[in-house]
Amino acid sequence: MTSLRSDFLRTVTERGFFHQCTDLEGLDSRLAAGPVVAYIGFDCTADSLHVGSLLPIMLLRHLQKSGHKPIVLMGGGTTKVGDPSGKDDARKLLSDDDIARNMAGIKTVFGKFLRFGDGPTDALMVNNADWLESLNYIAFLRDFGRHFSVNRMLSFDSVKLRLEREQPLSFLEFNYMILQAYDFLELSRRHGCALQMGGSDQWGNIVNGVELGRRVDGRDLFGLTAPLMTTASGLKMGKTAQGAVWINAERLSAWDYWQFWRNTEDADVGRFLKLFTELPIDDIERLSSLDGAEINEAKKILANEATRLAHGADAARQAAETARRTFEEGVVSESLPTVAVPAAELADGIPAFALFTRAGLAASNGEARRLIKGGGARINDAPVGAETDLIGAAHLKEGVIKLSAGKKRHILVKAE
């Protein structure tokens, strides 16, 4: 690794993105020789990506900043099949309208991280439905299916783990790796794409694409994977007790996004600064060496930088200021997330457990009751006496009621 010539590979190895490569020496030489076109695919299973997708997005960003051309491949076609990688069950089949709606939501994310245009290193967004939907299936299997060994396909983790757990794997899903390999071939033909990147669970799919390009067209293609992200405590990146941490502001406010990064575990701060910010490595080493209460300053910097990339500098500054006023001065800030409740309901009063659930501070009434019984729920910074206490107009201060779950999650209730 120390003898790498290309800026891109040096950057991704230094910052912790590198897991596997089909031909590291060959790819390094190709990257050092001039601009390389590379892609990562994103299926359209929801109308926003969550922070679990940030690592591949940052890979594309580093690729472009190193002088190469990124392709964002939208899986308008493959979403209709469903990638079995890392899944115990088949994905829900989505309608064309669902996929189109999800794709529209996802597209907005990439403009914040990549520069699109017609230049040699400007990013390009394409949709694999453009070629997959016009395939003659029998002709496709005859021309391309013969290059895939079922024995070998069964050996890849995406298939093997599902079978070992005795979970059903449909023939539709089994075709996914053939279609993804064909995507790579099509992108190499249409756009000169030479590199596919993805998470380590995509290794088998990527290798199939590299081999298909060589067998069908004699192309010299490459694959590179990044490690799958988990937190220091073993949780999957992008998932919390409250659900997915979405990137789109329509699904999750910039404040909640900032809070997610601010609440990073101490052991993850250095690694996340390398992966999800663009701070210089020397600065990151200094910040990650902090301990005790000082590590909180590093977490604030992580939250500021990650939020700036996804939501812009103004949103990051506002979230940081809201946090400072809320936690350090005890001030109720109008920048906190709000939920509107009809004034008539507040006049009658709403049971505390029901209001916490309604505000999204608990996933269910049962969880809200446990939160209150455990002493973790507060109304206007005062502990909630009982789960059935009525919260209403009498609790309004300057037109709002501040609900808190623990020390770091707050919601303002406004009468409408």
Side-chain angles (χ1 to χ4, degrees), residues 50-51 231-236 238-246 249-266 293 295-296 299-300 303 318-416:
H50 58 67
V51 297
T231 65
S233 58
L235 295 175
K236 188 174 182 180
K239 302 290 185 181
T240 69
Q242 290 73 49
V245 181
W246 302 105
E250 296 81 6
R251 295 292 297 268
L252 188 75
S253 70
W255 156 260
D256 285 322
Y257 192 83
W258 190 95
Q259 278 292 101
F260 167 77
W261 296 105
R262 169 62 181 84
N263 294 335
T264 294
E265 297 177 48
D266 291 1
I295 195 68
N296 289 326
K299 293 180 183 181
K300 292 175 185 177
Q318 185 176 61
E321 177 61 14
T322 298
R324 186 188 67 79
R325 289 171 57 82
T326 301
F327 302 133
E328 297 175 17
E329 298 180 7
V331 175
V332 175
S333 172
E334 291 187 357
S335 297
L336 286 173
T338 62
V339 59
V341 174
E345 290 188 49
L346 287 175
D348 295 333
I350 301 172
F353 73 87
L355 189 58
F356 272 79
T357 304
R358 190 162 170 176
L361 291 173
S364 65
N365 286 339
E367 183 181 308
R369 289 176 185 272
R370 289 190 292 275
L371 176 71
I372 294 168
K373 287 180 179 178
R378 291 178 174 266
I379 300 286
N380 294 330
D381 297 322
V384 179
E387 61 201 72
T388 55
D389 282 357
L390 292 179
I391 310 302
H395 294 86
L396 288 168
K397 292 186 176 182
E398 298 181 6
V400 298
I401 303 171
K402 180 183 176 186
L403 306 186
S404 304
K407 295 180 179 180
K408 297 179 179 177
R409 296 174 58 221
H410 308 275
I411 292 283
L412 298 182
V413 174
K414 289 187 176 182
E416 64 174 5

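This one's a predicted model, so the numbers in the text were calculated from it and none came from an experiment. In what follows, every heavy atom counts, from backbone to side chain, and hydrogens, waters and symmetry copies are set aside.
- Residue Ala368 comes nearest to Thr357 through the heavy atom pair CB-OG1, 3.4 Å, listed as atom of the first residue, atom of the second, then distance.
- Shown here for Leu371 and Ala405, the closest heavy-atom pair between the two residues is CD2-CB, 3.8 Å.
- With values rounded to the nearest 0.5 angstrom, His410 atom NE2 is found 11.0 Å from Thr322 atom OG1.
- Partner of Gln259 under the side chain to side chain contact (heavy atoms under 4.5 Å, CB included) criterion, out of Trp261, Trp255, Tyr257: Trp255 alone.
- Judged by distance alone, with hydrogens and angles left aside, the side-chain atoms of Asn365 form no donor-acceptor pair with the main-chain N or O of Ala354 at under 3.5 Å.
- For the atom pair His395 NE2 and Leu390 CG, the distance stands at 9.0 Å (nearest 0.5 Å).
- Annotation: the span from Trp246 atom CH2 to Ser253 atom OG amounts to 15.0 Å, rounded to 0.5 Å.
- For the side-chain hydrogen bond (donor to acceptor under 3.5 Å, both in side chains) test, no residue two or more places apart in sequence or in another chain qualifies with Ser364.
- Only one option out of Leu355, Asp256, Leu361 pairs with Ile411 in a side chain to side chain contact (heavy atoms under 4.5 Å, CB included); it is Leu361.
- Not a single donor-acceptor pair under 3.5 Å links the side chain of Arg369 to the backbone N or O of Glu387.
- Across every non-hydrogen atom of Arg358 and Pro342, the tightest pair is NH2-CD, 3.5 Å.
- Counting heavy atoms from C-beta on, the side chains of Arg262 and Asn296 come closer than 4.5 Å.
- Rounding to the nearest 0.5 angstrom, the gap separating the NZ atom in Lys300 from the OG1 atom in Thr264 is 14.0 Å.
- Contact annotation: the side chain of Val413 never approaches that of Ile350 to less than 4.5 Å [non-hydrogen atoms, C-beta and beyond].
- Scanning both residues, Ala386 and Ile372, for their nearest heavy atoms gives C-CG2, 3.9 Å.
- Between the side chain of Asp389 and the backbone N or O of Val384 there is no donor-acceptor pair closer than 3.5 Å.
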(request) Carefully, step by step, assess Arg324 and Glu321 under the rule salt bridge (charged side-chain N to carboxylate O under 4.0 Å, His left out). (result) CA-CA 5 Å; Arg324 186 188 67 79; Glu321 177 61 14; 2.6 Å; yes

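- A heavy-atom distance below 4.5 Å is found between the side chains of Ile379 and Leu403.
- For the atom pair NZ (Lys299) and CH2 (Trp258), the distance works out to 11.0 Å, reported to the nearest 0.5 Å.
- What you find for Glu265 and Ser233 is that their closest heavy atoms are OE2-OG, 2.6 Å.
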